[in-house]
Amino acid sequence: SSSAAYEHILISTPKPGVGLITLNRPKALNALSSPLFKELNDALTKYDEDEAIGAIVITGNGKAFAAGADIKEMAPLTFSAAYSNNFIAPWSHLANSVRKPVIAAVAGYALGGGCELALMCDVIYCTASATFGQPEIKLGVVPGAGGSQRLTRAVGKSKAMELILTGKNFSGREAGEWGVAAKVVEGDHQALLGEAIATAETIAGYSRVAVVAAKEVVNKSQELSLREGVEYERRLFHGLFGSEDQKIGMKAFAEKRKPEWTNK
Ligand code: CO8
C-alpha cells in the first residue's frame, strides 16, 4: 500500500500484519482537521478490511501525537452548522466500527481531540514526557469527542472532573500510573513506536477470529452490567468452538508445536 493518496497521514506496514498510520501535519502539531479525519477513517477502514493486517498503530511525531481538533477550523463554526452537519460525528468511526485492535503510540502533545483520539484506541503506549490534557474549558467549550466519558471511565470521576474543569495537563508518566496508558516508555518517539509495533506484531500473530472476539468482549465491559457482560463473554467463548482456529490452537498445544492459523 502507498501513502500517495493521502495528504495529512502516512501509512506503512513496518512488520508483517501491522498497519501503521502516522498523523502528518507537523506544522500544525497534527491538529485534527476534518480532511485529516476523513483520511484517517479511510485508512482505518482499509486496514480493517485487509486480511493481511492483524493490528493497527496510530502515532504522530516526537513533538505531537495531536494538539487537538483544528481550532482554526472550529473558530467560525455556528451551532446550526455544527448540529446539521453533525460536526465530529465521523470521529466515532474508530471507536464504533473498527474491529481490529488499534494501539495509540503517544509522544509529545495529546491535547483535546488528540487526547480523545488516544482514548478511543484500544491500548495507549506513551513516552514518559508525553503531555495529555483536555484544555477545552480554556477555549470556552467542553470535550466533544468522548473525553468526558472515556477519561472519566479511565481515571474515575474526581480526577476527571479536576482535569476537565481546570484544563490542566497530565504527563505520560501520570497516564501510566493512572491506568490511562498500558505502557510508559522512557525513550523517544522511535523507541515508543518500536514497542507499539512489537505489541501489534504479537497481536497480529494470533488468530484474527480470536483477536476480534477478544476486543469485542473487553469493549462490552464498558457498556453492559457485569452479569450481562459475563454472559456475553460466555456466548462468544462458546461460539469460538465453531472456528477452525480453536481446533488448530488446541491441537498444536497438545502436539507441542506452533499453531498455523487459518483465520477461520
Ligand atoms: N488547532 C489548530 N492549530 C493548532 C493547534 C490546534 N489544536 N495546536 C497547535 N496549532 C498550530 C499553531 O496555531 C501553530 O500554527 P502557526 O505556526 O501557523 O502559528 C502551530 O500549530 C505550532 O503551534 P505553537 O506555535 O502554538 O507551538 P508551541 O510549541 O508554542 O505550543 C501547544 C504547543 C501548547 C500544544 C499549543 O500549540 C497549544 O496550546 N495548542 C492548542 C491546544 C488545545 O487547546 N487543544 C484543544 C483544542 S480543542 C479540542 O480539541 C476540542 C475537541 C472537541 C471535540 C473534537 C472537535 C473536532
Side-chain angles (χ1 to χ4, degrees), residues 7-10 21-44 58-98 102 104-121 124 126-155 160-175 180-181 188-189 192:
E7 199 182 327
H8 308 294
I9 62 171
L10 304 169
I21 301 174
T22 305
L23 308 177
N24 190 35
R25 288 186 77 200
K27 284 187 191 137
L29 303 185
N30 292 332
L32 301 164
S33 61
S34 296
L36 182 152
F37 237 89
K38 203 159 177 245
E39 293 185 359
L40 177 61
N41 284 345
D42 184 74
L44 285 167
I58 301 180
T59 197
N61 54 52
K63 173 117 202 236
F65 177 71
D70 192 319
I71 299 170
K72 291 162 191 172
E73 181 187 335
M74 284 188 292
L77 202 63
T78 61
F79 166 75
S80 53
Y83 183 71
S84 37
N85 300 328
N86 211 2
F87 180 60
I88 69 163
W91 288 39
S92 295
H93 177 73
L94 169 54
N96 293 351
S97 305
V98 176
V102 183
V106 178
Y109 294 110
L111 298 176
C115 186
E116 292 171 303
L117 174 62
L119 290 165
M120 276 183 230
C121 295
I124 299 177
C126 65
T127 59
S129 61
T131 303
F132 293 86
Q134 298 290 165
E136 288 87 347
I137 197 89
K138 297 180 185 170
L139 299 168
V141 291
V142 300
S148 66
Q149 309 302 300
R150 292 197 180 91
L151 188 61
T152 306
R153 278 170 167 76
V155 303
M161 209 47 113
E162 183 200 29
L163 290 166
I164 288 167
L165 289 174
T166 63
K168 270 201 311 214
N169 294 339
F170 57 100
S171 68
R173 193 175 306 286
E174 285 170 314
V180 174
D188 62 3
H189 178 246
L192 164 74

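Just so you know, these numbers use all the heavy atoms, side chains as well, and skip hydrogens, waters and symmetry mates. A quick note: this is a predicted structure, and the numbers were derived from the prediction, not measured. Every number for a ligand or one of its atoms is a count from 1 in the order of the listing.
Within the 4.5 Å cutoff, the side chain of Glu116 has no heavy atoms near those of the Leu32 side chain.
Qualifying salt bridge (charged side-chain N to carboxylate O under 4.0 Å, His left out) partners for Arg150, counting only residues two or more places apart in sequence or in other chains: none. For Arg153, there are no salt bridge (charged side-chain N to carboxylate O under 4.0 Å, His left out) partners at least two apart in sequence or on another chain.
With rounding to the nearest 0.5 Å, the separation of CG in Leu94 from CZ in Phe37 is 7.0 Å.
Sequence neighbours left out, the pairs with a member in residues 83-98 that pass side chain to side chain donor-acceptor pair (under 3.5 Å) are Thr45-His93.
With Leu10 as reference, Thr22 is the one residue of Thr59, Thr22, Ile21 to meet the side chain to side chain contact (heavy atoms under 4.5 Å, CB included) rule.
Residues with a heavy atom under 4.0 Å from ligand 1: Lys27, Ala28, Leu29, Ala31, Lys63, Ala67, Gly68, Ala69, Asp70, Ile71, Lys72, Met74, Phe87, Ile88, Trp91, Tyr109, Leu111, Gly112, Gly113, Glu116, Pro135, Glu136, Leu139, Gly144, Ala145.
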